[in-house]
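Worksheet: the structure to be examined is printed underneath.
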2 protein chains.
Amino acid sequence: MSGRPAAGDAATAAGRRRRPRRDAELNRERVLDAAISAMLREGRHVPLAVIAAEAGVGIGTLYRSYPDRDALLHALEYRAYGLLNQILDEVDRPDVPGLDAVREFLARTIALGDQLILPLHGAPPLVSDRAVRARQEINRRLERFIERGHADGSIRAAVNATDVIVFSALITQPLPHGPGWPIVARRQLAIFVNGLAGSGPAGLPGPAVTREDIETAFALRAASPSPGPVPLGDDPQASPSPPGPDR
Amino acid sequence: MSGRPAAGDAATAAGRRRRPRRDAELNRERVLDAAISAMLREGRHVPLAVIAAEAGVGIGTLYRSYPDRDALLHALEYRAYGLLNQILDEVDRPDVPGLDAVREFLARTIALGDQLILPLHGAPPLVSDRAVRARQEINRRLERFIERGHADGSIRAAVNATDVIVFSALITQPLPHGPGWPIVARRQLAIFVNGLAGSGPAGLPGPAVTREDIETAFALRAASPSPGPVPLGDDPQASPSPPGPDR
DNA sequence: ACATATCCGGAACAATTCGTCCACATCGAC
DNA sequence: GTCGATGTGGACGAATTGTTCCGGATATGT
């Protein structure tokens with residue numbers, strides 16, 4: 001991080017490249033937004049040309065930022081993880097009971113709507129190590145909420161952190177999310193939270209499912225489309241696209 | 001409807017056509033099965049040629065039964081509705097409490113796995129009147145379970161039939177449904193059912209959502225891809241392609 | 001067993017979509 | 001204001017996918 005040329009002086013240093021142009025970055029954002037709205041409207045396979053048009057940029061511009069459709073989806077996904085971590089920042093106050101933290105997290109997740117609905121679901125969850133790390137961090141932080149809830153008695157013991165993670169994944173799926181969807185989703189949330197807290201018949205069926213199990217399932221699913229054993233290291237276009245959704 | 005030639009005699013009647021050949025019908029089933037497995041493996045946009053190959057039929061055969069991809073998806077969806085109604089038949093014994101009926105229905109739904117996961121979600125829910133009718137019937141029957149649950153006290157009053165319908169839609173979404181998925185889903189179900197039954201803080205947030213609201217949301221979403229105000233009556237390809245998935 | 005309506009297969013053709021390339025425009029540092 | 005690096009746009013060839021068509025194979029009723 002120390003090598004990053006501060007805007008003021010080091011641009012001449014060891015021949016490092018300038019900071020990316022402002023308009024270029026703006027265009028990248030525009031493309032991401034257009035991608036969400038176009039895919040929501042016409043399905044995940046809208047021609048990239050349509051997205052470019054909707055973003056008001058040329059097709060060449062789109063291709064420079066995102067070499068192919070996967071790169072675009074990946075950027076979308078990564079940005080979504082940034083949003084989730086942002087929510088977690090806001091929600092994670094150590095004094096609130098675990099159950100309330102969970103509820104609040106899920107409520108804000110629902111409120112984000114389209115921003116999450118599309119990126120996180122319905123297509124191969126891409127596996128760059130950046131993305132995997134981001135996902136793991138989110139999961140870990142949610143896990144902490146649950147543990148806190150177990151400790152303070154607001155969440156019954158049988159409930160696993162994974163159960164919450166899975167619910168959050170379900171509730172952000174691209175179902176008929178017309179104007180009425182947030183209402184419907186909030187009702188689901190209320191029922192779910194009630195199920196977490198209730199002191200009903202104690203146990204949950206089947207063995208517990210761990211965070212690692214879920215990660216594995218994701219990885220498997222992502223790897224399957226290409227029959228060969230793809231190495232799935234980090235993708236080459238790591239630095240250009242979303243430089244700062246993590247702030 | 002009365003004009004359908006009974007298998008036994010009327011074949012010679014007014015020059016009506018013979019009964020469709022057995023092998024043809026078999027091939028149609030094969031194609032549907034192959035479509036599910038191929039789409040599950042490679043995503044919803046596998047080339048139709050791949051599906052045909054996997055079904056062991058020629059591409060021409062596929063096209064004769066299903067004039068385009070939508071027709072194929074439609075047939076899949078319709079078959080899924082058939083399965084759901086079949087489950088409802090088995091579950092609907094008038095003596096069991098409403099909550100148990102709901103639980104059983106959802107449990108079997110989960111057990112169906114791939115058969116539902118793919119057809120029902122992730123792409124425009126097609127609107128032929130046949131499909132709409134089937135969906136409405138399922139919804140109505142579930143509604144009856146809920147009302148029974150309200151009456152016998154097994155389901156708290158704030159819960160709407162729609163809430164259950166929405167959950168059933170969520171739980172059959174194509175999430176990472178690797179080998180571990182049924183376990184995860186069953187846990188979600190347990191939490192949900194607990195939330196239905198619990199006597200926690202009474203109300204649910206927001207106004208109630210009716211079955212009609214959901215149907216509307218579906219219709220809107222399906223209509224949206226084409227910007228113009230499509231009338232969305234029944235689609236023209238109703239009769240030729242899937243003559244008997246309703247067996 | 002025969003006749004024939006029905007169905008099959010896949011090669012050939014058409015329509016989309018992808019992805020590249022390069023002449024021109026624009027930004028930012030000086 | 002000037003200059004060079006960086007970014008832009010869209011026409012074009014390549015590749016993929018969709019769709020048709022028809023000679024030949026097969027089931028079905030008699």
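When reading the values below, keep in mind they use all heavy atoms of this one structure, side chains included, and skip hydrogens, waters and symmetry mates. We name chains A, B, ... by the order of the sequence lines, and we start the count at 1 in each one.
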Practice problem: Mark up nucleotides 12-17 of chain C, 5' to 3', with B wherever a protein heavy atom is under 4.0 angstrom from a base atom, S wherever such an atom reaches only the sugar-phosphate, and - elsewhere. | Solution: -----S
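- Atom CG of A/Leu62 and atom P of C/dC18 are 10 Å apart (whole Å).
- The residue among B/Ala49 and B/Asp23 whose nearest nucleotide of DNA chain D lies closer to the 5′ end is B/Ala49.
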Practice problem: Please test B/Glu54 against B/Val46 for side chain to side chain contact (heavy atoms under 4.5 Å, CB included), starting from the C-alpha separation and ending with a verdict. | Solution: CA-CA 11 Å; B/Glu54 185 151 340; B/Val46 263; over 6 Å; no
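- Taking side-chain N and O atoms only, A/Asn27 has a distance below 4.0 Å to OP1 or OP2 of D/dT8.
- Salt bridge annotation for A/Arg141-A/Asp89: present, with a cationic side-chain nitrogen under 4.0 angstrom from a carboxylate oxygen.
- Counting any heavy atom pair closer than 4.0 Å across all strands shown, A/Arg64 reaches a base atom.
- One atom, CG of B/Leu72, and another, P of D/dT19, lie 12 Å apart when rounded to the nearest Å.
- Separating the CD atom of A/Glu29 from the P atom of D/dG7 is a distance of 15 Å, rounded to the nearest angstrom.
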Exercise. Assess whether side chain to side chain contact (heavy atoms under 4.5 Å, CB included) is satisfied between B/Met39 and B/Ile51, documenting all intermediate values.
Key: CA-CA 8 Å; B/Met39 286 180 171; B/Ile51 294 177; 4.2 Å; yes
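- Residue-to-nucleotide proximity on DNA chain D shows that, of B/Gly60 and B/Arg21, the 5′-proximal contact is made by B/Gly60.
- Relative ring orientation between B/His74 and B/Tyr78 is described as parallel, the plane-to-plane angle staying below 30° on a 0-90° scale split at 30° and 60°.
- Taking 4.0 Å as the cut-off between side-chain N and carboxylate O, A/Arg28 and A/Asp23 do not count as a salt-bridged pair.
- Between A/Arg130 and A/Glu77, none of the side-chain N atoms (NZ, or NE/NH1/NH2) sits under 4.0 Å from a carboxylate O, so this pair counts as no salt bridge.
- For the pair B/Arg19 CZ and C/dC7 P, the computed distance is 12 Å after rounding to whole Å.
- For the pair A/Tyr66 OH and D/dG7 C1', the interatomic distance rounds to 14 Å; values are reported in whole Å.
- Here the P atom of nucleotide D/dC12 and the OH atom of A/Tyr63 are 17 Å apart, to the nearest Å.
- With respect to the salt-bridge test (charged N to carboxylate O, under 4.0 angstrom), the residues B/Glu25 and B/Arg30 do not qualify.
- Side-chain nitrogen and oxygen atoms of A/Thr61 include none within less than 4.0 Å of the OP1 or OP2 phosphate oxygen of D/dG7.
- Atom pair B/Glu25:CD and C/dT6:P shows a separation of 14 Å (rounding to whole Å applied).
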